[in-house]
Amino acid sequence: MKKQAKPFESPHSFSTIMPARLICGSFALVILVGTLLLILPISSRAGTFTSPLDALFTATSATCVTGLIVYDTYLYWTPFGQGVILALIQCGGLGLVTLITFFNVAIGKKMGLRGLDIAKESIGMDNFSDIRSMVTFIVGSSLAIEAAGALILATRLIPMYGQGGIWMSIFTAVSAFCNAGFDLFGREGAFFSLTPVNTDPIILCTVAFLIILGGLGFVVYLDILRWRKRRTFRLHSFLVLTVTAILIFGGMLLIFLFEYNNPHTMKDMPLPVQLLNSFFQSVTCRTAGFNSIDIAALRDITKVVMIMLMFIGAAPASTGGGVKVTTVAVLVTTVLAVIRGQDDTIVHKRRVKYQTVYKALAVFSFGFLLVAVSTLIIYMSLEGSDPALSVVDVMFEEVSAFATVGLTSGITAISGPVAKWTLILSMFIGRVGPVSLALSLAMRPRSGQRAMLPDGQIMVG
């Protein structure tokens with residue numbers, strides 16, 4: 001007798017939970033290995049052991065491609081330590097599972113169904129078709145873009161720093177494409193980031209476009225490459241490109257309007273340099289973490305704008321974080337559908353599945369709740385340590401951690417153990433994703449059918 005289907009089984013089957021658990025575990029493993037290496041005296045310029053908590057914070061920030069730091073990357077870490085951080089950034093940006101899958105494909109090793117399922121989850125695909133070629137494309141295009149970025153940066157950094165500019169160019173290019181925000185400009189001063197070169201359009205524009213490319217996602221790359229043949233984009237790519245452009249140029253305009261006359265940031269800059277830095281800061285809010293102006297000196301209203309940009313973040317299946325641009329686009333169009341009295345969410349003349357709307361709502365709500373609770377914990381742990389401490393600054397730091405951005409208002413530098421552990425957890429959740437983390441912690445669902453339940457009537461709004 002043919003076995004009947006079970007239409008009411010849990011949508012989160014064991015085959016879905018296992019890949020999520022392995023992906024979360026792979027990030028945790030990379031962080032652990034990185035922490036152990038950064039603790040060693042060979043990693044610090046002082047030749048002493050680094051505090052385990054500070055090493056863990058740095059390894060988490062690098063693996064989760066965030067950029068929040070407790071020590072200046074150039075001044076504190078040796079070339080070995082910097083190499084460890086760069087390796088963590090690359091593994092975190094592309095994902096350990098993706099890299100392992102790539103090497104298996106490269107040596108011709110056959111992949112079983114379980115391996116394909118894990119790889120599918122890691123790169124954000126919804127089917128098994130062309131997983132091998134997609135993984136190869138992801139790694140190959142990433143290395144090519146990073147190499148091109150490093151070559152362009154080298155034309156500016158080698159004349160400035162000699163042979164040291166070669167390593168700086170490679171490090172900056174990888175960090176920018178992976179949206180990490182780590183830099184080696186500490187030779188100009190501790191925690192300076194890109195402020196020493198904020199008048200150089202080649203450096204700022206190169207870093208900005210590396211950030212944008214890393215934050216678009218590899219599925220969008222394919223759509224762009226296939227444009228000549230198809231003359232159309234898939235709905236996902238259309239949303240990513242549209243919302244990304246709106247956020248970058250909208251953020252640029254607001255940052256310019258709020259900061260052009262701020263004597264502590266951009267007032268003394270010529271207009272073209274003001275526009276360049278406004279553009280760069282809007283881009284870097286997309287989860288990159290570099291800064292070309294003093295973040296702590298920004299007006300509160302500018303920080304609020306940046307908080308919103310950081311929380312939204314980049315695109316799914318990219319090197320960026322945040323709740324993702326498509327999540328916000330789905331929620332906005334859902335609200336508009338409700339206002340118009342429509343039963344379905346319509347995006348670009350396409351109906352969005354209700355499961356997608358539910359997932360978008362879950363991701364956004366979880367992120368908002370995490371940020372609210374973590375901000376409260378950090379603020380309470382730091383209260384009294386700095387008279388100038390503000391809730392806006394604390395929320396800025398927490399959103400920067402959750403969205404894996406790395407911009408800092410100075411909170412990380414004065415954080416104690418409680419605040420650091422809170423930021424570490426936020427960075428980890430932000431990188432692996434709230435849904436993936438929830439699935440990885442879920443128990444195996446019971447087999448069998450679920451009982452049909454009566455509808456419940458609840459008044460909302």
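This one's a predicted model, so the numbers in the text were calculated from it and none came from an experiment.
Contact annotation: the side chain of Phe57 approaches that of Met427 to within less than 4.5 Å [non-hydrogen atoms, C-beta and beyond]. Here the side chains of Thr199 and Met269 are not in contact, with every heavy-atom distance at 4.5 Å or above. Put simply, the side chain of Lys267 does not reach to within 4.5 Å of the side chain of Asn262, judged on heavy atoms. Between Thr319 and Val65, every side-chain heavy-atom pair lies at or beyond the 4.5 Å cut-off. Considering only heavy atoms from C-beta on, Leu53 comes within 4.5 Å of Trp421 through its side chain. Met160 has its side chain within reach of Val197: a pair of non-hydrogen atoms, C-beta onward, lies under 4.5 Å apart. Within the 4.5 Å cutoff, the side chain of Met266 has heavy atoms near those of the Ile293 side chain. Counting heavy atoms from C-beta on, the side chains of Arg431 and Ile31 never come closer than 4.5 Å.
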(Q) One pair to check against side chain to side chain contact (heavy atoms under 4.5 Å, CB included): Val357 and Leu361. What are the steps and the verdict? (A) CA-CA 6 Å; Val357 177; Leu361 181 60; 5.5 Å; no
Q) Under the side chain to side chain contact (heavy atoms under 4.5 Å, CB included) criterion, do Thr60 and Thr66 qualify, and how do the steps go? A) CA-CA 8 Å; Thr60 304; Thr66 305; over 6 Å; no
Q: Kindly indicate, with the supporting measurements, whether the criterion side chain to side chain contact (heavy atoms under 4.5 Å, CB included) is fulfilled by Val399 and Val405.
A: CA-CA 8 Å; Val399 173; Val405 181; 6.0 Å; no
Q | Criterion side chain to side chain contact (heavy atoms under 4.5 Å, CB included) on Thr408 and Ile295, from CA distance to verdict | A | CA-CA 7 Å; Thr408 179; Ile295 298 298; 6.0 Å; no
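By the side-chain contact (heavy atoms from CB on, under 4.5 Å) test, Leu184 is found to be paired with Thr73, Tyr74, Gln82, Trp167, Met168, Phe171, residues two or more places apart in sequence or in another chain being considered. Under the ring pair (Phe, Tyr, Trp, His ring centres under 6.0 Å) criterion, His348 pairs with Phe238, not counting sequence neighbours. For Phe191, there are no ring pair (Phe, Tyr, Trp, His ring centres under 6.0 Å) partners, not counting sequence neighbours. Residues meeting the side-chain contact (heavy atoms from CB on, under 4.5 Å) test with Ile158, sequence neighbours left out: Ala154, Ile166. Scanning for ring pair (Phe, Tyr, Trp, His ring centres under 6.0 Å) contacts around Phe368 gives an empty result, with sequence neighbours left out. In this structure, the salt bridge (charged side-chain N to carboxylate O under 4.0 Å, His left out) partners of Asp393, at least two apart in sequence or on a different chain, are Lys303.
Interatomic distance, Ser400 OG to Leu68 CG, rounded to the nearest 0.5 Å: 4.5 Å. Atom CG of Leu257 sits about 11.0 Å away from atom CD1 of Ile301, to the nearest 0.5 Å. Considering CZ of Arg350 and CG of Asp344, their distance stands at 14.5 Å, rounded to 0.5 Å. Here Ile152 contributes atom CD1 and Ile203 contributes atom CD1; the two are 11.5 Å apart, rounded to the nearest 0.5 Å. Residue Met306 holds its CE atom at 4.0 Å from CD1 of Ile255, rounded to the nearest 0.5 Å. Taken from OG1 in Thr78 to CG in Leu40, the straight-line distance is 10.0 Å, to the nearest 0.5 Å.
Checking each of Ile377, Leu382, Leu376 against Met380 for a side-chain contact (heavy atoms from CB on, under 4.5 Å) leaves exactly one that passes, namely Leu376. Partner Ser282 forms a side-chain contact (heavy atoms from CB on, under 4.5 Å) with one of Val305, Leu309, Leu247 and no other, that one being Leu309.
Contact between Val371 and Thr375 at its shortest, heavy atoms only, is O-OG1, 2.6 Å. Between Val243 and Ala329, the shortest heavy-atom contact is CG2-CB, 4.1 Å. Across every non-hydrogen atom of Tyr379 and Ser390, the tightest pair is CE1-C, 4.2 Å. When all heavy atoms of Leu204 and Asn277 are compared, the pair lying nearest together is CD1-OD1, 4.0 Å. Nearest approach of Ser292 to Phe280, heavy atoms of both residues: OG-CD2, 3.6 Å. The heavy-atom pair separating Val330 from Ala360 by the smallest distance is CG1-CB, 4.0 Å.
Identified under the side-chain hydrogen bond (donor to acceptor under 3.5 Å, both in side chains) test for residues 235-256, with sequence neighbours left out: Asp223-Ser237. Within the structure, salt bridge (Lys or Arg N to Asp or Glu O under 4.0 Å) contacts touching residues 402-428 (residues at least two apart or in different chains) are Asp54-Lys420. Within the structure, side-chain hydrogen bond (donor to acceptor under 3.5 Å, both in side chains) contacts touching residues 324-335 (residues at least two apart or in different chains) are Thr334-Thr345. Sorted pairs that involve residues 395-405 and meet salt bridge (Lys or Arg N to Asp or Glu O under 4.0 Å), not counting sequence neighbours, are lacking altogether. Listed by first then second residue, pairs satisfying side-chain hydrogen bond (donor to acceptor under 3.5 Å, both in side chains) with a partner in residues 170-184 read Asn179-Thr287, not counting sequence neighbours. Contacts classified as side-chain hydrogen bond (donor to acceptor under 3.5 Å, both in side chains) and involving residues 143-153 (residues at least two apart or in different chains) are given here: Gln90-Glu146.
Relative to the six-membered ring of Tyr161, Arg187 meets both conditions, a distance below 6.0 Å and an angle of at most 45° to the axis.
Counted by atom type alone, Tyr76 and Thr50 present one or more donor-acceptor pairs between their side chains at under 3.5 Å.
No more than 12 heavy-atom neighbours from other residues, nucleotides or ligands sit within 6.0 angstrom of CD1 on Ile42. Around CZ of Phe249, the count of heavy atoms belonging to other residues, nucleotides or ligands within 6.0 Å does not exceed 12.
In this structure, Ser44 contributes its side chain and Thr48 its backbone to a donor-acceptor pair below 3.5 Å. Glu259 contributes a side-chain N or O that, together with a main-chain N or O of Arg299, makes up a donor-acceptor pair within less than 3.5 Å. Between the side chain of Arg286 and the backbone N or O of Gly313, at least one donor-acceptor pair lies under 3.5 Å.
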